[in-house]
Q: 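Just passing along the structure, written as structure tokens.
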Protein chains: 2
Amino acid sequence: MGSVTKSNILVVGFGGIGTITAYNLEASGLAAVTGVLRSNYDLVKERGFKIWSCDHGDVAGWRPTSISKNVPAVDSESKTPFDYVVVCTKNIPDVPPTVVDIIAPAITAGHTAIVLVQNGINIEKPVIAAFPKNIVISGISRMSSAELRPGEIFHQDHDVLIIGAFRNPNLLQETELKAAQHFNHLYNASGKATGQYSEDVQFMRWRKLVYNGSYNSLCAITGMDTSKLRLTGSAVTELLLPVMLEVKSIARAAGYQLAADQEDASLAGDAIDAYFRPSMQQDIEKGNFMEMEVIVGETVREAQRLGVPAPMLTFVYSLLKVLQFKTKAARGMISLPPMKDYGAGDMLSKT
Amino acid sequence: MGSVTKSNILVVGFGGIGTITAYNLEASGLAAVTGVLRSNYDLVKERGFKIWSCDHGDVAGWRPTSISKNVPAVDSESKTPFDYVVVCTKNIPDVPPTVVDIIAPAITAGHTAIVLVQNGINIEKPVIAAFPKNIVISGISRMSSAELRPGEIFHQDHDVLIIGAFRNPNLLQETELKAAQHFNHLYNASGKATGQYSEDVQFMRWRKLVYNGSYNSLCAITGMDTSKLRLTGSAVTELLLPVMLEVKSIARAAGYQLAADQEDASLAGDAIDAYFRPSMQQDIEKGNFMEMEVIVGETVREAQRLGVPAPMLTFVYSLLKVLQFKTKAARGMISLPPMKDYGAGDMLSKT
């Protein structure tokens, strides 16, 4: 049978989801992963990742085939092109660099398939615009996985990745579907994770938005996990359900008719004793930026485009904009006028 | 001219506003204040308050005429009745004890005038219901004053207290007005603070609600002071102004036509370089309960009663309810189901 040529894969973003995604791809035996690490590069180089995974068990000292501090520049003459570039970073178009900026050096035109394992809608648009000859694949991850400390990953429920091709009008759809199917094959080959191939990528993304537009946003705004939010009772009736139904209406106007009881499924998406903190809540609590533009901003803009009233979601969006501004201010990215001196310097200086 | 009999005044609540209010009343020379202290009783007994005040200067070691750990029980035979009971506590009807419960022992029926230096609307209703023979006076404080550390007060802008009688239908209005005028006289007698007598107490309260319903609520929800919130730009257009205009509409339906440009005045209520944190923001940041029922809850209920649409304010109210629940949960006042054990105890226990 001879040697198998492994797929040459670049994974960008080694947080909770990126690390498990990369681990699973290498566990297939069919992929050689180059990992782009940032803040945890030195640590991982020295001692590898420590992983506790419900799918892969306890793992110590793991590293992908190779690691890099930067996205490697691939010019066609000197380096093997990447077959896939898998993007597991947060998608924060309002805070540069954008996804396109980040991955550009590693993309070989007409060869590299770009896999966006990211939240939200319309995320493929700038990528297709920048790389018109490349296939773009959607990955919707349904696992809960978090980096508890640098290089230490806690992965607490089964890894399901919904995989399908975005439609790039410059390419033959058949080619796109085959690439997505092949990536799905790679993802299933470890026998540990579940790749779910789907041809209705947009439908799947809108479905996830029902949860992300409501729980993810409102947990970030209130600092409450999904269990506590549900246990208030009032948040279900007054906040979660109304936002979910607005997202459902926008989806319908956009051509995606979600299940009649989608809001019930989304409401009960997390176990009541899981006290799960969705991604935007985790981000804001860590002082990181939130994916609020691709999750909520784009949805509000779709509502406006389609003429669907979405007052609750719009209000949520306005609050998230304020919170994103707060993070920018805290990081010194916005200059604020100096505070007035009230002449009580001694007293205040001790606070 | 012989000796003057001082007014016998009980002040309940010695935070930023209560302490300055009590200090100013004693500074008149016309009042003997008994102060009810709680958490800071021992400290104040030992070394008094330390005050930095724009009106009263630097003050060290100050105590009111007498201090008490509890609201004194005044039965008509054994103790001099209080002429005024001035309530400067937070008004949190959703978390017992209520104002009525707290002050009841110190009220002499038909004698004691009850002064509510508190935010919100409809706060007089339970008080008049509980003490039908007593005068109830409204105090709207416009000073910024905060307890920076236990017993240390930082008072940063001139003390203006708008004083007027609530209408108790069991009493002659003339008697009520005289009592309010007398309290106003006491408040001005120090020459340092400004008592502003007003016969339109409800109008004044609705006017203050324009600021409190919007800034106070939204600063609490977002954790942003009034300056940062304004500096976002988007919060003015999308959050503050719409909420202010809803409050204005509800006020109008309730019979109080605020100034045409009230929202402009309220928007610019704090200097842009003051970075002022309104009371509910200060409360939630300290883990304390917020006056969200008397500020926002009652206003939403007035809107419902009067048939005025108030979607933004209602949304704000829903978020504040969730945040109040969070404080209750953090204080162990609500029992939550135990968290699921994911079997990664060793890894999680170190977080």
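Order of the sequence lines fixes the chain letters, A, B, ..., with proteins taken first and strands second; residue numbering starts at 1 for each chain.
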Q: Between atom CZ of A/F276 and atom NZ of B/K340, what is the distance when rounded to the nearest 0.5 Å?
A: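 If I round to the nearest 0.5 Å, the distance is 12.5 Å.
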
Q: Does any backbone or side-chain atom of A/P338 lie under 4.5 Å from a heavy atom of chain B? Answer side chain, backbone, both or neither.
A: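 Just the backbone, heavy atoms under 4.5 Å.
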
Q: Please answer whether the main-chain N or O of B/T222 pairs with a side-chain N or O of A/K326 as donor and acceptor at a distance below 3.5 Å.
A: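 Yes.
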
Q: So for A/I334, is it side chain, backbone, both, or neither that comes closer than 4.5 Å to the heavy atoms of chain B?
A: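 Contact with chain B is absent: no heavy atom of A/I334 under 4.5 Å.
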
Q: So what's closer than 4.5 Å to chain B heavy atoms on A/L239: side chain, backbone, both or neither?
A: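 The side chain, not the backbone.
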
Q: Top residue by heavy-atom pair count (under 4.5 Å) with chain B, among A/G223, A/P242, A/G233, A/A235?
A: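 Top option by heavy-atom pairs under 4.5 Å: A/G223.
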
Q: Give, as side chain, backbone, both or neither, the part of A/T232 having an atom under 4.5 angstrom from any heavy atom of chain B.
A: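 Both the backbone and the side chain of A/T232 come within 4.5 Å of chain B.
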
Q: If you count heavy-atom pairs under 4.5 Å between each of A/T314, A/T237, A/V322, A/L229 and chain B, which one has the most?
A: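 Among A/T314, A/T237, A/V322, A/L229, the one with the most close pairs to chain B is A/V322.
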
Q: Is atom CZ of A/R142 surrounded by more than 12 heavy atoms (other residues, nucleotides or ligands) closer than 6.0 Å?
A: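 No, because the 6.0 Å sphere around CZ of A/R142 holds 12 heavy atoms or fewer from other groups.
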
Q: Give, for atom CE of A/M339 and atom CD1 of B/I272, the distance between the pair rounded to the nearest 0.5 Å.
A: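 The CD1 atom of B/I272 is 12.5 Å from CE of A/M339, to the nearest 0.5 Å.
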
Q: A/K321 versus chain B, heavy atoms under 4.5 Å apart: side chain, backbone, both or neither?
A: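 Answer is side chain: those atoms of A/K321 sit under 4.5 Å from chain B.
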
Q: Say you draw a straight line from CG of B/L231 to CG of A/L336; how long is it, rounded to the nearest 0.5 Å?
A: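 Nearest 0.5 Å value for the CG-CG distance: 6.0 Å.
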
Q: Among A/F325, A/F315, A/Y317, who wins on heavy-atom pairs under 4.5 Å with chain B?
A: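 Sorted descending by pairs with chain B, the first entry is A/F315.
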
Q: Does any backbone or side-chain atom of A/L323 lie under 4.5 Å from a heavy atom of chain B? Answer side chain, backbone, both or neither.
A: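 Only the side chain of A/L323 comes within 4.5 Å of chain B.
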
